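Since the structure comes first, as structure tokens, the remarks are kept for the end.
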Amino acid sequence: MDGDIIRTSARDIAKLIEPGRVSRRVYTDPELFELEMERIFGRAWLFVGHESQVPKPGDYVTTELGRQPIIMIRHSDGTVRVMLNRCTHRGAKVVNERAGNARYMSCLYHGWTFDTEGNLVGVPVPEGCTASFDMKNFGLALAPRTGEYRGFIFASLARTGISFEDHIGSMKANIDDLVDRAPEGRLALDAGMHRYVYRGNWKLQIENVLDSYHVPFGHASTVNKSGVQFARREGDEKGAVVVDAKEKTSKDWQGRRSYDMGHGHGWTSNTALDEGRRSSPAYDEYVRVLSEKVGVERAKEILTPKLHNSLIYPNVSIMGLNIHVRVIKPIAVDFTEVVVYPIRLVGAPESMNFGNVRLLNVTHSAASFVQTDDVEAFGRAQKGLQSLQTEWVDISRGLGTESPATDINAMTARATDEMVVRGQYKAWLGYMQEAV
Amino acid sequence: MDGVDKDLPPMKSVPGVDRDQFEDFLHYEARLLDERRFRDWMGLFTQDGTYWVPAVPRQKSPFDQASLFYDDRTLMETRVSRLGHPKIHVQTPPSQTVHQVGRPLVEAASEETGEYVVSSTVIMVESREDNQRIFAGRQTHRLRRDGDSFKIIQKRVDLVNCSAPFEAIAVPI
């Protein structure tokens with residue numbers, strides 16, 4: 001563990017972030033991590049889950065927001081409720097299963113029972129309750145604010161703060177890009193999940209999802225002798241050209257762009273990977289079904305690769321290439337869990353969806369070809385950052401050369417620059433300087 | 001998609017099948033993995049062979065659900081090539097492993113087609129850098145007779161902790 005002690009005044013926190021660099025302590029200091037849990041994960045709009053995970057009344061999943069145990073359950077009126085998975089009596093976690101269906105949720109310890117809205121509806125041995133005891137005051141704590149966009153459910157554990165609309169607004173188009181690929185216009189996160197952990201700080205992962213600089217080096221082992229990565233999508237003949245003949249980052253790769261959307265959000269563009277050469281019986285059938293549903297022109301527009309990866313700060317990324325939703329769960333300053341949900345495009349031929357599920361196994365499972373080298377990098381970063389004499393972590397690439405992307409009210413830079421990481425630390429500072 | 005889930009008819013007993021030949025084969029396979037002879041290991045599989053490590057207990061299909069591994073020959077080839085790449089960072093330094101394979105149980109056999117289903121417990125201890133960890137579970141091999149040995153139609157490893165989060169896994173179990 002880190003020996004650093006910092007005082008938590010806004011002024012001191014501001015000293016950790018400078019233009020183009022951040023203090024190593026944002027990755028290594030346990031006290032700062034505790035503050036992050038309060039001031040970011042206790043307050044920001046966080047992705048909880050997708051409505052397709054709880055299709056029927058009583059269906060629930062349990063998860064964590066930061067470290068706090070959460071139940072997401074569909075009530076009998078069809079709405080999805082988000083509540084803390086903590087008995088209001090003595091604090092035990094009420095629901096222990098990862099997923100299931102329940103009309104009532106009973107605490108294992110003393111049998112307090114709650115309904116799907118969180119109301120306390122049963123207390124054993126009621127004669128022991130004091131005269132002033134009112135069951136109405138002992139419902140499971142609801143997330144103070146929830147928001148939903150096209151099936152993506154978010155919650156904030158704070159009563160006040162930026163509205164859901166203001167927070168999510170600039171990223172709606174990125175969600176649309178994915179959802180529109182489903183012929184029925186909706187997604188299903190019902191194909192299981194991948195879970196991996198690494199011995200590093202949570203921010204290493206959210207920085208990485210928008211990092212196009214590392215690919216030719218970090219993922220060298222996924223690139224063949226002619227500089228081409230293995231095929232990563234159903235129907236692809238081959239993957240992206242990552243490295244050129246001189247073993248330098250390819251022009252194609254360098255041509256990618258990144259976008260800072262404010263609030264810590266960002267995304268990176270995709271180049272026309274294998275455009276026109278993507279074909280397989282499953283993929284061709286998918287294109288036919290989608291075209292039938294939305295028209296040939298619109299289908300073409302939907303299927304033109306635009307996004308590589310999008311980050312909705314602070315805890316979820318949506319990948320447009322190997323389609324998935326990835327949730328980041330900080331556990332300790334130097335330990336992080338990541339959950340990766342494959343996506344089923346509802347209405348697409350199942351063989352197409354199966355192909356996506358299968359290829360995600362080799363790109364983002366704990367045993368994948370791609371993600372394993374990333375987590376190795378995160379672990380080594382966490383080790384390297386123990387060097388006390390080198391205070392600063394450099395994130396200055398492209399500083400001062402960003403330009404406005406006026407059509408989407410964003411700033412843009414080369415995807416191999418670090419503008420989007422600077423954007424994340426701007427948001428970080430905003431949350432961290434404001435006491436709860 | 002390759003159709004690998006052609007279930008053999010269940011048999012109550014498997015008379016006349018010599019268990020030793022399976023035991024020898026499974027130990028040989030494990031030794032190839034422990035010696036990091038991944039290309040030779042891949043050579044044990046049929047051309048349409050698959051290697052599957054489910055991500056949930058009793059997983060029914062590798063197609064509609066995420067798996068830790070579900071490699072057909074193409075993906076296996078990519079995996080094995082990558083394991084031989086000088087810049088595979090997650091294997092710098094490489095893992096050292098040792099497999100312990102339990103006594104095999106012949107679950108099903110068809111002498112006509114020369115196909116057998118053999119299950120055994122497996123424990124793999126992996127050491128890398130200063131860390132050691134254990135993978136444990138039951139492995140089920142679907143084998144086809146090939147001369148005086150076998151080819152693997154499917155190897156499935158059901159880990160006891162398959163749903164848990166894992167640190168990076170680089171080598172097959």
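Bear in mind that the values here come from a model prediction, so they are computed numbers and not experimental data. Every chain is numbered from 1, with letters handed out A, B, ... down the list of sequences.
- Using a 4.0 Å cut-off between charged side-chain N and carboxylate O, B/D158 and B/R156 make a salt bridge.
- In this structure, chain B has no heavy atom under 4.5 Å from any part of A/Y341.
- Here A/R186 does not pair with A/E184 in a salt bridge; the nearest charged N to carboxylate O distance is not below 4.0 Å.
- With a 4.5 angstrom heavy-atom cutoff, B/H89 touches chain A via backbone and side-chain atoms both.
- Taking A/E337, A/R380, A/R199 one by one and counting their heavy-atom pairs under 4.5 Å with chain B, the maximum is reached by A/R199.
- Taking the ring axis of A/Y27 as reference, the NZ or CZ atom of A/K203 stays within 45° of it and closer than 6.0 Å to the ring centre.
- A salt bridge is defined here as a Lys NZ or Arg NE, NH1 or NH2 lying under 4.0 Å from an Asp or Glu carboxylate O, and A/D190 with A/R344 meets this definition.
- Taking the six-membered ring for Trp and thresholds of 30 and 60 degrees, B/F150 and B/Y116 have ring planes more than 60 degrees apart, a perpendicular arrangement.
- The residues A/R358 and A/E234 are annotated as not salt-bridged, no charged nitrogen and carboxylate oxygen being separated by less than 4.0 angstrom.
- Interface remark: of the candidates A/G218, A/G192, A/A367, A/A367 forms the most heavy-atom pairs closer than 4.5 Å to chain B.
- With a 4.5 angstrom heavy-atom cutoff, A/V197 touches chain B via backbone and side-chain atoms both.
- A/F230 touches chain B through its side chain: at least one heavy atom from C-beta onward sits under 4.5 Å away, while N, CA, C and O do not.
- A side chain to side chain contact (heavy atoms under 4.5 Å, CB included) with A/I323 is found for exactly one of A/I318, A/L359, A/L345, namely A/L345.
- Distance check, rounded to the nearest 0.5 Å: CZ of A/F369 to OG1 of A/T222 gives 10.0 Å.
- Between chain B and the options A/N361, A/V357, A/V223, the largest number of non-hydrogen pairs under 4.5 Å is found for A/N361.
- Proximity to chain A (any heavy atom under 4.5 Å) is shown, for B/T92, by both the backbone and the side chain.
- Comparing B/L68, B/D71, B/T74, B/L83 by heavy-atom pairs within less than 4.5 Å of chain A, the highest count is held by B/L68.
- Proximity to chain B is absent for every atom of A/V338, based on heavy atoms less than 4.5 angstrom apart.
- When heavy atoms are compared at a cutoff of 4.5 Å, A/S280 does not approach chain B at all.
- In terms of non-hydrogen atom pairs under 4.5 Å with chain B, the most contact-rich of A/P342, A/S365, A/A377 is A/S365.
- The candidate with the highest count of non-hydrogen atom pairs below 4.5 Å against chain B, out of A/T372, A/N224, A/D374, is A/T372.
- Checked for salt-bridge contact, B/R73 and B/E77 miss the test: no charged N lies under 4.0 Å from a carboxylate O.
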